[in-house]
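Start at 1 and go down the list; that is how both ligands and their atoms are numbered. Being a predicted model, the structure only gives us computed values, none of them experimental. In what follows, residues are counted from 1 in the order of the sequence shown.
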Amino acid sequence: MIKKVLVANRGEIALRVMRSCREMGIKSVAVFSEADRSSMHVRYADEAYFIGPSPSNESYLNIENIIDVAKQSGADAIHPGYGFLSENAAFSERCEKEGITFIGPSPFSISSMGDKIKARTRMIKANVPVVPGTAEPITDEKLAIEKIEEIGLPVMIKASAGGGGKGMRLVKKKEDIVSAIRSARSEAKTAFGDEAVYIEKYIESPHHIEFQILADKHGNAVHLFERECSVQRRHQKVVEETPSPLMNPEIREEMGKYAVAAAKAVNYHGAGTIEFIVDNNLNYYFLEMNTRLQVEHPITERVVGVDLVKEQIKIAEGKELTLKQDELKQFGHAIECRIYAEDPENNFMPSPGVIKHITEPLGLGVRHDGYVYEGYEIPIYYDPMISKLIVWAKTRREAIERMKRALYAYKITGIKTSIPFLARIMEAEDFITGNYNTHFIEDNRDFLMQQEPCGERCKDMAVIAAFVHYTDKVEKAKGAQNGKTAQANAWKNFGRKKSIMRW
Ligand code: ADP
């Protein structure tokens, strides 16, 4: 039985993991860098330990310091969250060696899926459909051109060690092949220290649809259905929803089976995600596996009714999965918006700074996984995502309305955030109809980038302000005529007459 978990992470995910630990009666240990001394995860944890300077390679990526804290605090397990050391096979191995339970898969599963070329080869062996392309790293440029002619343009040049959309190039014309290979290689070398790249057919107008899986150490595995992640900017997810508007029950069942087969092919245990790319004719291909908890996991938790972190902990303890595939159901609809400290009007430049004021959205069907508070200074060293807003409703339409309501109520001052941009997404026709693919943001650029963030709502506000101003004047004039002041103020009068405010 796990009694104390060190959470080797920061921000909203550290808090999210600690909350589940608390519900399970498990103590939590926070680690923090210089910049995170006053972070919320440090305040929330049962114990907190300093692990180094602000840059993450000296703190959150410092394996030695983290292992030292685990020993010092008597933590019997480490949860890596996402990012940082979560997909680092050497870290998982080190934990094993030190007798600390790693709440995640084995080093073998991580390394088998961490390298995209290796993963493709394994998936082909397991009969999981992969995007047509090369099975080997591309070293010879001449051979690459021949191979691309065979596959047919357009193609994607992708880094084998890739992640976060880095080391990826779309090639449409033959004359661009060589320069794309070279630039993808050098970007991959800088970002991952590994310059191996390979070629994939470019899937036109694709959807990114991923399946959540859970597998125990006894060979049992289930999938918890899909997440639609096609609202992307620069190949990075911005909004996710489940169920996918594209999906039908037959394809869902087929893809779910492949997701489970993919996990079994690498003896997987823990929570994981199998990402697929899907074309308009519902042909689907394995893209990659993420061997950790995903940012967007809460939408699955809400629709399926499962706490994925608790499941991860139980699996790490060696317990058998109690979830049965035929008992799992999707209920209602969930959407997640990622809130970033960045300025959509200034090319999404990061906007670090001090939070002056924050009003978090509340109410039925709203979950807010964040970590910032009034007076908190967002450090420049880490990912600028400050929170995730998740809504659930019985239908997709209602979930969109609920997300709009929550985004309109969400107020942060002191820094710029992506909230207005996300509100525009909820108002975009293609999103509302569910008729979108990974080009959605590009295709709707003009609409999404309009300076006026709140559309109809602002018109309502202008009407309200004019009306209040007018009634105020009338009341005052009446009061002056009768020789007394107005009884109720104009806002009260307005509220008593009717309410057209939509949030
Ligand atoms: P990363 O690991 O860097 O996130 P992925 O392989 O997961 O890279 O791809 C990220 C996104 O890039 C996908 O969701 C999709 O939008 C786009 N993409 C990747 N491969 C292809 C492809 N072969 N055809 C079309 N789009 C692709």
**OP:** Could you name each residue pair satisfying ring-ring contact (aromatic ring centres under 6.0 Å, His included) that touches residues 102-125, not counting sequence neighbours?
**Re:** Phe91-Phe102
**OP:** Identify the residue among His208, Glu210, Glu240 that makes a side-chain hydrogen bond (donor to acceptor under 3.5 Å, both in side chains) with Arg227.
**Re:** Glu210
Original post:
Should Lys116 be counted as touching ligand 1, given the test is an N or O pair under 3.5 Å?
Top reply: yes
**OP:** Please confirm whether Glu204 comes under 4.0 Å of ligand 1, counting heavy atoms of the residue only.
**Re:** no
Original post:
Quick check: does Gln236 get an N/O under 3.5 Å from an N/O on ligand 1?
Top reply: no
**OP:** Could you tell me the residue and atom name of the protein heavy atom closest to atom 6 (O) of ligand 1, and the distance to it rounded to 0.1 Å?
**Re:** Lys158 NZ, 2.9 Å
**OP:** Please answer whether the main-chain N or O of Pro245 pairs with a side-chain N or O of Arg396 as donor and acceptor at a distance below 3.5 Å.
**Re:** no
Subject >> Nitrogen or oxygen atoms of Ile203 and ligand 1 under 3.5 Å apart >> reply: yes
Original post:
Hey, which atoms in ligand 1 end up nearer than 4.0 Å to a heavy atom of Thr438?
Top reply: 16 (O)
Subject >> His235: partners by side-chain contact (heavy atoms from CB on, under 4.5 Å), with sequence neighbours left out >> reply: Met156, Met168, Gln232
Subject >> atom 14 (O) of ligand 1 - nearest protein heavy atom and its distance >> reply: His208 ND1, 2.7 Å
**OP:** Answer yes or no: does an N/O atom from Ile277 fall short of 3.5 Å to an N/O atom of ligand 1?
**Re:** no
Original post:
For atom 9 (O) of ligand 1, what is the nearest protein heavy atom, given as residue, atom name and distance?
Top reply: Met168 CE, 3.8 Å
